[in-house]
Structures are given as structure tokens and as C-alpha cells.
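These notes concern the structure reproduced below.
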Amino acid sequence: MKEFFSSLLAGLQNAFSFGDLGVVRILLTLALAFLLGMFIFTIYRKTFSGVMYSKNFGVSLVMLSMVTSFIILPITSNLTLSLGMVGALSIVRFRTAVKDPIDTVYMFWSIAVGISLGAKFFLPAILASVIIGFLMLILSGKFRNTMPYLMVLRFNENATGNVYSLLKRLPESNLKSKTVGAAGVEMTLELRLRESDMQVVERFLEIPGVYDASIISYGGDIVA
């Protein structure tokens, strides 16, 4: 009976393994792909600056790293299978429109992680992901204590001097557009403000001749 169970266990191990592609390696690769995919998802959510945030795209980043690692696993174990897999994938056409170019970067990042993990390059995948994630946080300005906003001002020409005088006191401002008409002047500016600086709207309204002032959260590029 003992020999029977031993032979059965050996048969199951042979059935669920192919070369160095065993159950342990498969589970470890998929687990690391999931964890690094969640890390990429978190960085994407922290650095997102668009208008409409899509959770489905974030989830697809996690699945993309896992699926890619799953594809690479058998390719690294069998040369014949790798040639057939390349031929099969070459006929696939992905036509999903990417709205933001930075989304393409995150997709390539997830694919690169999946390829590295599937090829057993665990340490390069982890180390590179940490470095890339840190750089993405820096480049996106998430470590800065100010946030980008658009300010729209409407005032008459007599208040121009006082408006410009107050604008010079702001830490960062960049004129986007200026419209002069019979009803007065309308200006749109890019600003970087702290949460404690939101009272700047009331300060503009205190200037005689200013009709209204509004601040809008802005996800575009700010000229530093």
C-alpha cells in the first residue's frame, strides 16, 4: 500500500510538472505577478491626473502582468512551444484606444514585469518596479505639497493693476488666456496652491471691480 501511494504521488508530480516548470514555480510566479501588478495599480492610482479615472484599467494592469507571466512560463521550458506561441500571438490584433500616452507606459511596465517573472528574473523585476514606481511619483509631482488648479477671473479694466499685484504674490502662476470685451476682462491662469491657500479666491473678490473668481481642479501640465 505504501508503494502504491508513493508511485501515485510520483505520478502526480510528473503529471503536474514539465522540466523545471513545477507547481511551486507556477504559484510563486503568479503570486509575484499579482503583488507587483497591485504595486503598479497603486502607483497608477496615485499618479493619475486625468479627468475620468477608470478602475477597470487599473485592474487590467494586474491581470496583464499575471497573464504575461503565465504565457512566458511554458515558453521558457519548451523551445518548440515558444515558436508556436510566437506565431499564435502574431495574429492577435489589439485595437483598444489608449486615451493618455502615460497609460501605454503602465501597460508596457506590466508586460515587462510579466516577462521578467515568467523567465525567472525575480529580483530584476522587483528592483526595477520599485525604482520605476519611485520615479513615477517624483515625476508626477506627488511629493510636492502643492496641487495644480485653474483660476478664472472676471473683472473690469480699472481693477487690472490690483489683480496683477495680487497675482505676483502667488508662488506659481502662468497665464493661459486673456479675453477683453465690453463686459470686462476674463483671465484663465494655471496655479499651484496648497490647501491652506484656497482663501486666495476671497482675496480676489475683495478687490473693487472683480466680478467673480473661481478655482477648478486641473490635471494638465503646469509650467514650472
Side-chain angles (χ1 to χ4, degrees), residues 37-62 64 94-110 129-224:
M38 288 299 298
F39 176 75
I40 297 173
F41 180 18
T42 303
I43 297 297
Y44 173 74
R45 185 172 56 186
K46 293 291 185 181
T47 59
F48 180 78
S49 60
V51 179
M52 296 294 293
Y53 170 74
S54 175
K55 184 179 179 180
N56 290 335
F57 180 79
V59 174
S60 68
L61 294 176
V62 181
L64 189 59
F94 299 97
R95 300 184 182 275
T96 303
V98 179
K99 298 180 180 180
D100 194 339
I102 198 66
D103 292 348
T104 307
V105 175
Y106 281 97
M107 293 176 65
F108 274 108
W109 184 7
S110 296
S129 294
V130 172
I131 295 175
I132 293 174
F134 182 73
L135 292 177
M136 291 298 296
L137 290 174
I138 293 178
L139 294 176
S140 64
K142 294 302 178 180
F143 287 157
R144 302 180 64 173
N145 57 359
T146 58
M147 294 296 293
Y149 294 93
L150 279 180
M151 172 175 283
V152 180
L153 296 173
R154 292 181 61 252
F155 53 91
N156 59 42
E157 295 184 359
N158 297 328
T160 302
N162 293 329
V163 170
Y164 276 99
S165 177
L166 183 55
L167 286 175
K168 292 179 180 179
R169 303 176 192 174
L170 299 178
E172 296 183 40
S173 63
N174 180 41
L175 180 64
K176 289 287 293 183
S177 65
K178 179 179 179 180
T179 304
V180 180
V185 181
E186 180 175 316
M187 294 176 56
T188 303
L189 304 105
E190 293 174 332
L191 301 174
R192 275 196 172 271
L193 301 174
R194 302 180 182 89
E195 292 185 2
S196 59
D197 295 334
M198 292 302 171
Q199 68 274 12
V200 69
V201 180
E202 287 78 5
R203 293 168 59 187
F204 276 103
L205 292 177
E206 293 174 357
I207 299 176
V210 175
Y211 302 134
D212 54 60
S214 58
I215 287 182
I216 307 169
S217 179
Y218 180 54
D221 298 328
I222 298 293
V223 178

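What you are looking at is a predicted structure, and each value in this text was computed from that prediction instead of being measured.
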Can you name the residues that form a side chain to side chain donor-acceptor pair (under 3.5 Å) with Ser165, not counting sequence neighbours?
none

According to the interplanar angle, ranging from 0 to 90°, do the rings of Tyr44 and Phe57 count as parallel (below 30°), tilted (30 to 60°) or perpendicular (above 60°)?
tilted

How long is the gap from OG on Ser110 to CZ on Phe41, to the nearest 0.5 Å?
11.0 Å

Less than 3.5 Å apart, any donor N or O on the side chain of Tyr106 or Thr47 sitting next to an acceptor on the other?
yes

CG/Leu64 to CH2/Trp109 distance, rounded to the nearest 0.5 angstrom?
13.0 Å

NZ-CE distance between Lys176 and Met151, expressed to the nearest 0.5 angstrom
15.5 Å

Is it true that atom CZ of Phe108 has more than 12 heavy atoms of other residues, nucleotides or ligands lying nearer than 6.0 Å?
no

By salt bridge (Lys or Arg N to Asp or Glu O under 4.0 Å), which residues pair with Arg203, not counting sequence neighbours?
none

Give, for atom CD1 of Ile132 and atom CD1 of Ile40, the distance between the pair rounded to the nearest 0.5 Å.
8.0 Å

Flag side-chain contact, heavy atom, 4.5 Å: Glu190 against Leu150:
yes

By side-chain contact (heavy atoms from CB on, under 4.5 Å) - contacts of Ile207 (at least two apart):
Ala159, Asn162, Val163, Leu166, Phe204, Val210

Glu157 and Thr160: which non-hydrogen atoms are nearest, and at how many Å?
O-OG1, 2.8 Å

For residues Leu61 and Met107, determine if any side-chain heavy atom of one lies less than 4.5 Å from a side-chain heavy atom of the other.
yes

